[in-house]
Amino acid sequence: MDTFWTWDASLETGISVIDRHHRKIVDYINELHQAHARGESQLVDRLFLELADFAALHFSFEEDLLDEAGYPIADAHRKVHQAFTKRVRHLYRMHVAGKDIIPQLLSDFRVWLTNHIRLDDQDYRPFVQRYIKRKQGNWFQRLYRCLFSS
Ligand SMILES: [Fe+2]
């Protein structure tokens with residue numbers, strides 16, 4: 001069975017937790033593509049909901065991370081997520097109404113997420129990387145103090 005979307009290095013943000021989430025979305029898209037091609041409608045329903053749930057979870061995780069990292073345009077980033085979530089909800093309603101919008105959903109996800117990762121997510125990368133380093137530094141200092149001071 002052919003793969004709809006192949007992950008490549010241009011999609012890496014270098015932030016491992018975010019990359020893992022993005023890869024999981026790509027996996028969902030490929031599974032959905034294959035289930036749709038095989039005509040397995042129950043599996044398509046289940047994967048659609050799981051994908052929408054996972055994307056919502058990823059967005060809210062990322063938004064919290066951006067707030068914690070003090071990213072100055074976290075609100076604008078949140079709005080971009082909200083607009084896409086609205087689009088997915090609209091497609092879900094059409095799907096439930098019996099329209100075959102799965103090919104549209106797959107292509108929207110691929111186009112939107114590719115652009116979003118390459119532009120919007122790349123933009124927050126230095127802020128989040130600095131934040132993660134700070135946190136790791138603090139954690140190490142605490143551990144060091146705990147072990148070596150009396
Ligand atoms: Fe994002």
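Owing to the predicted nature of the structure, the values given are computational and were not obtained by experimental measurement. Order of appearance sets the numbers: ligands from 1, and atoms from 1 within every ligand.
- His21 and Glu62 are not linked by any side-chain donor-acceptor pair at a separation below 3.5 angstrom, with hydrogens and angles left out of the test.
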Chi angles and distances behind the salt bridge (Lys or Arg N to Asp or Glu O under 4.0 Å) call for Asp27, Lys24: CA-CA 5 Å; Asp27 288 346; Lys24 195 164 164 124; over 6 Å; no
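- A cation-pi arrangement is present between Arg130 and Phe127 under the rule of less than 6.0 angstrom and at most 45 degrees off the ring axis.
- Looking at His90 and Met94, their side chains come closer than 4.5 Å, going by heavy atoms from C-beta outward.
- Annotation: protein N, O or S atoms under 2.8 Å of the Fe ion (ligand 1) (waters excluded) comprise Glu62 OE1, His77 NE2, His81 NE2, His116 NE2, Asp121 OD1.
- Val88 places a side-chain heavy atom less than 4.5 Å from the side chain of Phe48.
- Asp123 and His77 form no side-chain donor-acceptor contact under 3.5 Å, judged by distance and modelled atom types alone.
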